[in-house]
Amino acid sequence: ILESNKNNPYFLRHSKKGIIKLLRTEGDYDILSKIGIERANYLFAMTNNDEQNIQIANQVYLAITERLKVMSSQDNSHCGKHSLECFVHIHDSNLKRLFQRHALFNGNIDFFNARLFSIYEVMARKIFNRYPPDVQYQGRCHLPMGVICHIVIFGFGQMGQALALQSLRTAHYGGNGNKTRITIVTQNKSICEQSFFATFSNLNTFADLTFDDCPMECFGLDDVAAL
């Protein structure tokens, strides 16, 4: 475990056998070579800084490339036998979509398989896999004819956005031609709505998506029923 904050309580807590903890200075990528990152099987870049996570992946790629050059000049028989699986966490969904087209993350490097992921998107998929909306209607496997699935999301932070996108990806419940309704309740309706529709076009092709502006502290049962 490499950590830049020596006071991180989670970092201090992990003292189990087999776990090596090292403090690093932000921007110090030389430590990656010192710990032999090119011989690792898995790498998880999980800092709270998207740019730093991407830079870590890039520096690891360069370190492995340099090592392969040295190995190639010494003994060709050992080249290309090791591959590192690299998982890079990205908070910003726009940045994630941008870098997915980058050569570093397209999966075409034999010795370095880097992937971008969002923990929020992973959790959104798990939630809908665990609690699929179309089996929550009176215990039935599918929604009956004429019944519209209505999904309400309170809050539109990173987790709320991930849930909305996952809803849109799987918004084909019932099979009766009715669109799924998705209502997002947030305190910044106009800003969130404009930004979301600007980023993802033609959203209402897949579902009836609406935003509702209401202060969370004032939201009551009557407001829920009105949705």
Side-chain angles (χ1 to χ4, degrees), residues 1 9-10 13-14 16 41-48 50 53 85-97 99-100 105 107 113-189 192-193 195-197 199-200 202-212 214 216-217 219-227:
I1 300 176
Y10 299 103
R13 187 181 306 167
H14 286 81
K16 296 181 180 180
N41 298 106
Y42 294 92
L43 167 68
F44 295 88
M46 300 289 295
T47 76
N48 290 324
D50 289 347
N53 288 341
E85 299 289 328
C86 178
F87 299 88
V88 181
H89 183 252
I90 300 294
H91 292 83
D92 189 332
S93 57
N94 292 327
L95 190 65
K96 179 173 175 284
R97 286 190 295 275
F99 272 91
Q100 277 178 330
F105 303 101
N113 186 20
R115 314 172 201 178
L116 299 173
F117 78 99
S118 164
I119 193 66
Y120 306 104
E121 293 179 3
V122 172
M123 291 307 301
R125 286 195 296 270
K126 284 186 174 294
I127 289 172
F128 280 96
N129 287 338
R130 182 70 176 84
Y131 305 103
D134 59 337
V135 299
Q136 300 302 313
Y137 183 85
Q138 300 178 355
R140 300 187 185 186
C141 293
H142 298 286
L143 293 174
M145 293 292 293
V147 174
I148 298 175
C149 179
H150 187 193
I151 298 171
V152 181
I153 300 172
F154 285 83
F156 207 54
Q158 290 173 309
M159 193 67 232
Q161 292 180 45
L163 285 169
L165 286 173
Q166 187 62 23
S167 301
L168 289 163
R169 292 187 183 105
T170 58
H172 43 76
Y173 306 113
N176 53 14
N178 294 322
K179 287 185 180 180
T180 297
R181 284 183 60 199
I182 302 174
T183 302
I184 297 166
V185 182
T186 176
Q187 293 179 327
N188 303 303
K189 173 184 180 296
C192 293
E193 185 175 19
S195 174
F196 200 59
F197 277 97
T199 304
F200 304 98
N202 301 320
L203 291 178
N204 282 319
T205 302
F206 310 100
D208 289 328
L209 177 65
T210 58
F211 285 75
D212 198 315
C214 183
M216 296 299 178
E217 62 272 11
F219 212 87
L221 292 178
D222 292 338
D223 297 299
V224 175
L227 294 174

- prompt: Under 3.5 Å, is there a donor-acceptor pair between the side chain of His89 and the main chain of Ile119?
  reply: yes
- prompt: Is the shortest heavy-atom distance from the side chain of Ile90 to the side chain of Phe99 under 4.5 Å?
  reply: no
query: Where do Phe117 and Lys96 come nearest, in terms of heavy atoms and distance?
result: CA-CE, 3.8 Å
task: Could you pull out the closest heavy-atom pair between Thr183 and Asp212, with the gap in Å?
output: CG2-CB, 4.3 Å
- prompt: Does Leu163 reach the side chain of Phe154, with side-chain heavy atoms less than 4.5 Å apart?
  reply: no
- prompt: Once you round to the nearest 0.5 Å, how far does CZ of Phe196 lie from OG1 of Thr186?
  reply: 12.0 Å
field: Ala124 to Ala162 - nearest heavy-atom pair and separation
entry: CB-O, 3.6 Å
task: Hey, could you give me the CG/CG distance between Leu168 and Leu203, rounded to the nearest 0.5 Å?
output: 5.5 Å
- request: Can you measure from SG (Cys86) to CZ (Phe105) and round to the nearest 0.5 angstrom?
  value: 6.5 Å
statement: Scanning both residues in full, the closest heavy-atom pair of Ala207 with Ile182 reads CB-CD1, 3.9 Å
message: Rounded at 0.5 Å granularity, tell me how far CD in Gln161 sits from SG in Cys192.
response: 7.0 Å
message: If I compare all heavy atoms of Phe200 with all of Arg97, which pair ends up nearest, and what's the gap?
response: CZ-NH1, 3.1 Å
- prompt: Can you tell me how far CD1 of Ile151 sits from CD1 of Ile184, rounded to the nearest 0.5 angstrom?
  reply: 10.5 Å
field: Glu85 side chain reached by Tyr42 side chain, heavy atoms, under 4.5 Å
entry: yes
message: Taking the side chain as everything from C-beta on, heavy atoms only, tell me whether Phe197 gets closer than 4.5 Å to Phe211.
response: yes
- request: Check whether any side-chain heavy atom of His91 sits under 4.5 Å from a side-chain heavy atom of Tyr120, and report yes or no.
  value: yes
query: Where is the tightest heavy-atom contact between Asn204 and Leu209, given as atom of each residue plus distance?
result: OD1-N, 2.8 Å
statement: The reported gap from CG in Asp50 to OG in Ser118 (rounded to nearest 0.5 angstrom) is 9.0 Å
